[in-house]
Amino acid sequence: MKVACVGAGPAGLYFAILMKLSNAKNDITVFERNPAGTTHGWGVVFWDDLLNNLSRNDPQSAREIIEHSFRWPGQVVDMKGKQRVHQDSSGYAICRRELLAILTNRAIELGVEIQFKHEIAQVEQLPHADLIVAADGVGSQLRRLHADQFKTHISVGRNKYAWLGTTQVFSEFTFGFVPTKAGWIWFHAYAFKKDMSTFIVECAPETWTGLGFNKLNAVDSLRLLEDLFKQHLDGHQLITHASESKSLPWLNFRNLDNETWCTDNLVLIGDAAHTTHFTIGSGTRLAIEDAIALVNALGNQDEVKAAVKVYESERQRALMLPRRQARLSARWFESLTRYTDLDTPEFLMLMMNRRSPLIPYMPPRVYCQLHTALLRDSVFRKLYRGVAAVVGSLRRQQPSLR
Ligand SMILES: Cc1cc2nc3c(=O)[nH]c(=O)nc-3n(C[C@H](O)[C@H](O)[C@H](O)COP(=O)(O)OP(=O)(O)OC[C@H]3O[C@@H](n4cnc5c(N)ncnc54)[C@H](O)[C@@H]3O)c2cc1C
């Protein structure tokens with residue numbers, strides 16, 4: 001089979017690797033607009049579920065990924081300087097650049113052709129292919145060219161965020177919330193190697209303008225953020241990929257969905273097809289799972305068009321839960337002031353349960369009491385699950401409640 005794939009992110013590269021592993025004669029070319037070794041972002045987190053999936057599908061790249069990953073043992077919430085530790089959740093993080101380097105080298109070793117510095121603006125630029133895979137991320141040009149067929153929905157998140165790096169090593173996944181004269185500002189930070197961490201800053205738009213980030217250049221923004229988070233950074237600097245004379249790359253998250261993921265022989269995978277808010281740290285896993293599902297579907301069906309339809313319906317089903325959870329998680333952070341008067345243990349409890357469909361509809365303290373009771377009592381637990389299921393299904397039936 002001849003395949004043209006646009007985008008050498010996790011989705012496109014993993015797809016190319018598995019296509020070659022499934023049949024070495026498959027002819028795969030990946031077109032990437034960036035030069036080799038450059039990408040946006042810093043480290044990304046993942047859990048054992050992704051690792052198991054990678055090991056099953058390509059043990060060689062899985063081994064390298066785990067060798068280059070940093071394990072974080074738990075989560076810490078720092079609220080106005082008071083810390084609480086949540087030990088139940090541990091995971092991994094890897095530098096996005098290293099992840100892409102591992103996948104790129106593996107793809108090339110298997111015979112995939114990767115054309116860097118090759119931006120695709122039109123389908124006509126691509127060679128004739130049995131299948132075209134749009135793995136070109138959230139801003140996918142191939143998807144935009146066929147927006148009416150894919151029926152794309154995009155909603156823009158309220159909060160501002162900036163994806164930064166720092167030399168401070170946050171060995172646990174750390175959330176730090178700081179009050180300012182203009183409102184709350186907070187960070188999500190985790191080490192992804194022994195001397196670097198990801199540092200994502202988030203705040204409401206009023207706080208962002210109130211602190212003057214709309215007028216500051218990158219250097220002054222970084223210095224202000226270092227001052228706001230000086231207790232956490234302990235003298236370490238924040239770092240951006242952006243040019244220092246420009247402003248910081250503050251963004252609003254784009255929630256993206258498509259009713260259809262394929263048209264003719266063109267198929268969307270990864271962020272080009274769907275996004276999930278970064279506060280559930282799952283976009284890379286889901287992009288890789290799309291690649292696995294697409295290659296399996298192509299292997300099980302004689303016709304490309306039938307295979308992409310099987311892939312589409314399987315993955316749309318699989319995405320329902322994480323997408324719902326991601327919306328709830330984003331909404332929790334967008335409603336932060338509902339929770340900031342609580343004591344740190346209650347605040348932590350709500351934050352750790354932010355994917356619950358009940359939280360937006362219950363007074364926060366009542367939710368905490370209910371949650372504490374259900375941890376102790378099995379009757380309460382059944383009642384809670386019943387109510388949560390009803391609320392969840394009502395939300396699914398009434399889009400206005402989502
Ligand atoms: C702040 C933040 C934090 C995140 N943290 C995590 C995390 O901790 N864990 C996690 O799992 N996920 C995380 N994600 C999500 C994750 O980064 C994405 O879901 C993932 O990168 C999607 O992979 P992809 O291959 O679909 O797209 P991308 O990684 O975006 O790759 C798309 C590629 O296509 C290329 N491209 C685009 N247009 C063209 C074109 N016209 N021609 C040629 N090439 C093109 C791009 O240069 C890029 O290399 C985070 C996202 C954000 C915003």
Side-chain angles (χ1 to χ4, degrees), residues 4-16 29-47 49-51 65 69-70 72 91-97 99-100 103-104 114-123 125-126 132-145 157 159-165 173 187-192 197-202 241 249-256 261 268-291 294 315 319 322-323 326 329-330 333:
C5 175
V6 181
L13 289 171
Y14 209 67
F15 168 80
T29 308
V30 178
F31 298 90
E32 167 58 48
R33 66 180 169 193
N34 286 335
T38 52
T39 184
H40 66 279
W42 298 83
V44 288
V45 293
F46 60 97
W47 285 267
D49 52 356
L50 176 65
L51 211 49
I65 287 169
S69 296
F70 187 94
W72 43 269
Y92 308 87
I94 187 166
C95 173
R96 206 180 124 85
R97 198 158 25 82
L99 172 66
L100 296 184
L103 298 180
T104 300
I114 306 184
Q115 296 195 11
F116 289 101
K117 296 202 269 183
H118 202 127
E119 179 151 9
I120 301 298
Q122 299 293 336
V123 178
Q125 282 173 260
L126 295 169
I132 299 171
V133 178
D136 47 350
V138 59
S140 173
Q141 170 70 0
L142 291 189
R143 184 195 64 230
R144 277 189 279 155
L145 289 171
N159 284 354
K160 291 277 180 192
Y161 75 90
W163 195 352
L164 307 173
F173 195 126
F187 67 84
H188 318 226
Y190 44 86
F192 58 84
S197 298
T198 282
F199 196 91
I200 302 169
V201 184
E202 191 181 355
H241 292 307
W250 289 98
L251 295 170
N252 293 73
F253 192 81
R254 279 178 288 171
N255 286 297
L256 183 141
W261 294 8
L268 306 176
I269 66 171
D271 274 13
H274 51 79
T275 59
T276 47
H277 197 259
F278 60 84
T279 54
I280 69 161
S282 297
T284 306
R285 170 177 67 83
L286 295 168
I288 287 175
E289 286 176 359
D290 283 357
L294 180 56
R315 290 305 291 157
L319 261 291
R323 299 200 74 236
S329 178
F333 284 99

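Numbering of ligands and ligand atoms starts at 1, following listing order. The structure presented is a predicted model; accordingly, all values stated were derived computationally and were not measured.
By the criterion of a heavy-atom distance under 4.0 Å, neither the backbone nor the side chain of Phe46 is placed next to ligand 1. Contacts between Pro10 and ligand 1, counted as non-hydrogen atom pairs separated by less than 4.0 Å, involve both the backbone and the side chain. No part of Ser140 comes within 4.0 Å of ligand 1, judged by heavy-atom distances. With a 4.0 Å heavy-atom cut-off, ligand 1 is reached by the side chain of Val6 but not by its N, CA, C or O. Residue contacts with ligand 1, taken as heavy atom pairs separated by less than 4.0 Å, do not involve Ala93 at all.
Taking the six-membered ring where the residue is Trp, Trp72 and Trp47 present perpendicular rings, their angle passing 60° and hence far from 30°. Aromatic ring pairs are classed by plane angle as parallel below 30°, tilted from 30° to 60° and perpendicular above 60°; the pair His118 and Phe31 is perpendicular.
Looking at Thr275, its side chain does come within 3.5 Å of a backbone N or O of Arg254 through a donor-acceptor pair. A donor-acceptor contact shorter than 3.5 Å links the side chain of Gln125 to the backbone of Glu119. Within the 3.5 Å criterion, the main-chain N or O of Arg97 finds no donor-acceptor partner in the side chain of Thr39.
Of all protein heavy atoms, the one lying nearest to atom 3 (C) of ligand 1 is Phe278 CB, 3.5 Å. In this structure, atom 51 (C) of ligand 1 lies nearest to the protein heavy atom Trp163 CZ3, 3.8 Å. Counting protein heavy atoms only, atom 34 (O) of ligand 1 is closest to Gly7 CA, 3.2 Å. Of all protein heavy atoms, the one closest to atom 5 (N) of ligand 1 is Val44 CG1, 4.0 Å. Of the protein's non-hydrogen atoms, Gly9 CA, 3.4 Å is the one closest to atom 31 (O) of ligand 1. Protein heavy atom in closest approach to atom 44 (N) of ligand 1: Arg33 N, 3.1 Å. Closest to atom 35 (C) of ligand 1, if we only count protein heavy atoms, is Glu32 OE1, 3.2 Å. For atom 53 (C) of ligand 1, the closest non-hydrogen atom on the protein side is Tyr161 OH, 3.5 Å.
Residue contact check: Asn34 has heavy atoms under 4.0 Å from atoms 47 (O) of ligand 1. Interface of Tyr190 with ligand 1, defined as ligand atoms under 4.0 Å from a residue heavy atom, comprises 8 (O). Interface of Arg285 with ligand 1, defined as ligand atoms under 4.0 Å from a residue heavy atom, comprises 11 (O). The His118 neighbourhood of ligand 1 comprises atoms 43 (C), with distances under 4.0 Å to a heavy atom of that residue. Atoms of ligand 1 lying under 4.0 Å from any heavy atom of Gly270, numbered from 1 in the order shown and given with element: 26 (O). Within ligand 1, the atoms closer than 4.0 Å to a non-hydrogen atom of Phe31 are 43 (C), 44 (N), numbered from 1 in the order shown. Those atoms of ligand 1 that come under 4.0 Å of a heavy atom in Ala135, given as number and element, are 32 (C), 33 (C), 34 (O). Set against the non-hydrogen atoms of Ile200, the atoms of ligand 1 under 4.0 Å away are 1 (C), 3 (C).
Proximity of Val30 to Thr104: side-chain heavy atoms (C-beta onward) are nowhere separated by under 4.5 Å. Between Arg285 and Phe46, every side-chain heavy-atom pair lies at or beyond the 4.5 Å cut-off. Side-chain atoms of Val45 and Phe173, non-hydrogen and from C-beta on, do get closer than 4.5 Å to each other. Residues Arg96 and Trp163 form a side-chain contact, since some pair of their non-hydrogen atoms from C-beta on lies under 4.5 Å apart.
Ring centers of His188 and Phe278: under 6.0 Å apart, within the cut-off. Aromatic pair Phe192/Phe70: centroids not less than 6.0 angstrom apart.
Every side chain to side chain contact (heavy atoms under 4.5 Å, CB included) that His241 has, sequence neighbours left out, goes to Trp42. When the side chain to side chain contact (heavy atoms under 4.5 Å, CB included) test is applied to Ser140, the partners found at least two apart in sequence or on another chain are Ala134, Asp136, Leu142, Arg143, Ala272.
Between Thr284 and ligand 1, at least one pair of N/O atoms sits closer than 3.5 Å. The N/O atoms of Ile120, backbone and side chain alike, include one that comes under 3.5 Å of an N/O atom in ligand 1. Remark: ligand 1 and Arg96 share an N or O pair separated by less than 3.5 Å (distance only, no angle test).
Considering each of Val45, Asp271, Val138, Leu100, the one bringing a non-hydrogen atom nearest atom 22 (C) of ligand 1 is Asp271. Across the listed options Ala121, Gly137, Ala134, Gly137 owns the non-hydrogen atom lying nearest to atom 27 (O) of ligand 1.
A side-chain donor-acceptor contact under 3.5 Å links Lys160 and Asn252.
Atom CD1 of Ile120 is separated from atom CD of Glu32 by 10.5 Å, given to the nearest 0.5 angstrom.
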